[in-house]
Amino acid sequence: MNNRKTPRTSRRHEHSEEPALPLPEKPRKQVLHRAQGDGESARRDIAGRLLAWFDRHGRFDLPWQHPRTPYRVWLSEIMLQQTQVSVVTGYFDRFIKALPDLSALAHAPQDDVLALWSGLGYYARARNLHAAAKLCAEHHDGDLPRDLDALVALPGIGRSTAGAILSQAWGDPAPILDGNVKRVLCRVFGIDGWPGMPVVEKRLWSIAETLLPQTRLADWTQAQMDFGATLCTRANPACAICPLQDVCVARIEGRIGELPAPKPGKALPQREALMLIVEDADGRVLLWRRPPTGVWASLWSLPQHEDIIEAQAWFERHLDGDFAAARALPALDHGFSHYRLRIQPHLIAVNGPRAAIGDNPDLRWVDRAELTAIGLPAPVRKLLQELTE
DNA sequence: AATCCGGGGAG
DNA sequence: CTCCCAGGATT
């Protein structure tokens with residue numbers, strides 16, 4: 001029953017008090033026809049190519065593969081949620097030695113289970129695992145249910161983990177959609193948008209369904225994981241030796257670095273700045289040389305301040321004019337890599353600098369015509385350009 | 001839809 | 001340092 005070469009057999013099980021599942025008999029064909037574009041023959045061949053790749057380059061020595069029982073598959077899948085193989089193997093061996101089967105887990109004290117999990121993180125996984133084992137003891141004759149909905153009903157098991165269990169433990173045709181599969185599908189089929197977005201995820205599940213092969217379902221699941229983990233990696237995928245290089249949309253369109261689309265970052269911190277556009281009687285603008293460090297180091301820019309109070313104090317120290325006559329212009333947003341800057345310009349006319357600071361080397365009057373020749377920050381250039389128009 | 005859980009590895 | 005990872009539960 002745990003032999004991965006076991007051919008698929010009838011999977012209706014005994015306790016059929018519920019009505020038959022609404023799944024049609026040939027769901028894969030229907031989904032296949034519904035999927036548009038992309039060339040069905042090429043798509044159908046993907047599983048064959050990856051299985052051939054898997055035969056040569058796949059991982060066959062993982063601890064949960066020998067023997068591959070439903071319990072061991074389940075435990076490994078839970079441990080592997082958000083945790084890499086290299087970290088899991090040691091924990092898996094220790095756990096399976098202490099609690100070798102589902103019954104042992106179901107009857108173990110929770111403290112023992114948590115102790116075995118200690119260091120793995122995401123401890124809710126351990127509590128869910130334990131609770132699910134008890135539920136199996138109560139409701140499924142002490143075994144994991146061989147049924148998608150029944151598996152998903154257990155705590156800690158979502159659709160992808162259920163698919164991995166069904167396919168690996170029994171060879172049933174259930175797709176998975178973990179981080180590896182998402183990345184591979186986004187690239188091969190050129191799917192835009194962050195894979196965590198519901199609309200994108202739905203599309204990916206649909207594709208994953210269509211790719212299911214007729215046989216070797218356990219190998220198919222493992223092949224996808226190995227392929228994503230060792231060849232179609234997040235950074236520097238080995239496209240040159242990839243068996244899908246001639247059909248991969250991302251590869252063909254040179255978008256390997258862009259797909260899958262990254263998770264939208266948190267909103268960058270927003271900062272405010274106030275810039276003074278000071279004009280003298282001849283229509284010249286006052287520029288200010290920025291400090292030698294920080295953003296726009298040593299560039300000529302506009303006099304800049306955090307707020308209006310500071311701006312006014314600076315103005316009255318350096319210039320001869322009526323600050324109250326300053327006129328606010330439309331704000332301008334500028335994005336940096338690590339924050340967003342909202343520039344609030346204030347236009348103000350003056351007679352000239354105060355006598356005492358007239359020769360300040362960091363201040364300079366400039367004709368409009370000269371501006372294009374001076375190295376100004378992009379938003380400042382834009383600001384002054386709009387003003388001239 | 002957003003947030004949380006958590007330690008470790010890679011760049 | 002940041003981002004990501006064989007996700008799922010909760011709000």
Side-chain angles (χ1 to χ4, degrees), chain A residues 50 54 58-65 68 72-92 94-95 114 116-132 135 148-149 151-169 174-187 193-202 204-205 208 217-238 256-269 337-339:
Chain A
L50 284 187
F54 174 72
R59 293 176 291 194
F60 300 94
D61 55 347
L62 300 172
W64 41 92
Q65 295 174 324
R68 185 147 60 180
R72 292 164 64 93
V73 166
W74 172 40
L75 175 61
S76 73
E77 288 301 328
I78 300 301
M79 283 187 167
L80 287 163
Q81 288 170 3
Q82 307 291 225
T83 310
Q84 291 162 358
V85 168
S86 57
V87 178
V88 163
T89 50
Y91 285 89
F92 179 87
R94 188 166 60 125
F95 196 105
L114 289 174
L116 289 165
W117 209 269
S118 176
L120 262 183
Y122 282 105
Y123 297 97
R125 293 184 295 175
R127 288 190 294 272
N128 287 333
L129 183 81
H130 194 206
L135 287 170
L148 182 65
D149 292 329
L151 283 171
V152 170
L154 293 171
I157 299 180
R159 184 175 173 188
S160 187
T161 299
I165 294 172
L166 286 171
S167 59
Q168 300 213 276
I176 61 169
L177 192 63
D178 54 34
N180 284 319
V181 178
K182 284 179 178 174
R183 181 173 58 253
V184 170
L185 296 185
C186 281
R187 285 175 176 166
W194 178 51
M197 251 181 354
V199 56
V200 177
E201 192 162 321
K202 204 173 165 188
L204 294 173
W205 271 115
L217 273 303
D219 286 347
W220 169 237
T221 288
Q222 190 64 44
Q224 291 174 93
M225 293 171 169
D226 289 356
F227 182 73
T230 67
L231 194 155
C232 194
T233 50
R234 179 165 60 90
N236 307 119
I256 282 292
E258 301 166 24
L259 296 176
K263 175 178 181 169
K266 283 180 294 188
L268 295 174
S337 60
H338 50 305
Y339 65 91

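Note on naming: letters A, B, ... go to the chains in the order of the sequence lines (proteins, then strands), and numbering restarts at 1 for each one. In what follows, every heavy atom counts, from backbone to side chain, and hydrogens, waters and symmetry copies are set aside.
- Taking atom P on both nucleotides, B:dA1 is separated from C:dA6 by 23 Å, rounded to a whole Å.
- A gap of 24 Å separates the P atoms of B:dG8 and C:dA9, to the nearest Å.
- Distance, A:K182 NZ to C:dG8 C1': 11 Å, rounded to whole Å.
- By the neighbour-count criterion of 12 heavy atoms within 6.0 Å, atom CG of A:N236 is sparsely surrounded, having that number or fewer from other residues, nucleotides or ligands.
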### Message
For a side chain to side chain donor-acceptor pair (under 3.5 Å) check, start with the C-alpha distance between A:T83 and A:R125, then their side-chain angles and the critical distance, and finish with the verdict.
### Response
CA-CA 11 Å; A:T83 310; A:R125 293 184 295 175; 3.2 Å; yes
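- Where A:E77 and A:L154 meet DNA chain C, the nucleotide closest to each residue was compared, and A:E77 sits on the side nearer the 5' end.
- One P atom belongs to B:dG9, the other to C:dG8, and the distance between them is 23 Å to the nearest Å.
- The backbone N or O of A:G156 lies less than 3.5 Å from a partner atom in the side chain of A:Q81, making a donor-acceptor pair.
- Among the nucleotides B:dG6, C:dG8, C:dA6, the one closest to any side-chain atom of A:Y122 is B:dG6.
- At the heavy-atom level, A:T161 lies under 4.0 Å from the strands shown only through sugar-phosphate atoms.
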#### Entry: From CA spacing to verdict: side chain to side chain contact (heavy atoms under 4.5 Å, CB included), A:L151, A:W74
CA-CA 10 Å; A:L151 283 171; A:W74 172 40; over 6 Å; no
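- Counting any heavy atom pair closer than 4.0 Å across all strands shown, A:I157 reaches sugar-phosphate atoms only and no base atom.
- If you take CG of A:L114 and P of B:dG7, they are 14 Å apart, rounded to a whole angstrom.
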Quick test: give all pairs of protein nitrogen or oxygen and nucleotides 8-11 of chain B nitrogen or oxygen below 3.5 Å, distance rounded to 0.1 Å.
from  : atom 1 : to    : atom 2 : distance (Å)
B:dG9 : O4'    : A:Q84 : OE1    : 3.3

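- Atom P of nucleotide B:dG7 and atom CE of A:M79 are separated by 15 Å, given to the nearest angstrom.
- Between A:P195 and A:V200, the shortest heavy-atom distance links the atoms CA-CG1, 3.7 Å.
- One distance of note links CG of A:L231 with CG of A:N180; it measures 11.5 Å at 0.5 Å rounding.
- A:E201 comes within 4.0 angstrom of nothing in the nucleic acid, heavy atoms only.
- Regarding A:Q82, its CD atom lies at a distance of 8 Å from the P atom of C:dC5, rounded to whole Å.
- Contact annotation: side chain of A:R59 to base of C:dA6, donor-acceptor pair present below 3.5 Å.
- Residue contacts for A:L62: at a heavy-atom cut-off of 4.0 Å it reaches a base atom on one of the strands shown.
- Between A:R72 and A:F92, the closest heavy-atom pair is O-CE1, 3.5 Å.
- Within 4.0 Å of A:V85, counting heavy atoms only, lies at least one base atom of the nucleic acid.
- We find that CZ of A:R159 is positioned 18 Å from C1' of C:dA9, with the value rounded to whole Å.
- Between the CG atom of A:L177 and the P atom of C:dC5 there is a distance of 12 Å, given to the nearest Å.
- As a whole-Å value, the separation of A:R127 CZ from C:dG8 P is 17 Å.
- Of all nucleotides listed (B:dG6, C:dG7, C:dA9), C:dA9 comes nearest to the side chain of A:N128.
- Take the nearest nucleotide of DNA chain B for A:L120 and for A:P198: the residue whose nucleotide is more 5' is A:P198.
- Both A:R125 and A:V199 sit near DNA chain B, but only A:V199 has its closest nucleotide nearer the 5' end.
- Look at CG on A:L185: it is 13 Å from P on C:dA6, rounded to the nearest Å.
- Atom OG of A:S167 sits about 8.5 Å away from atom CD of A:Q224, to the nearest 0.5 Å.
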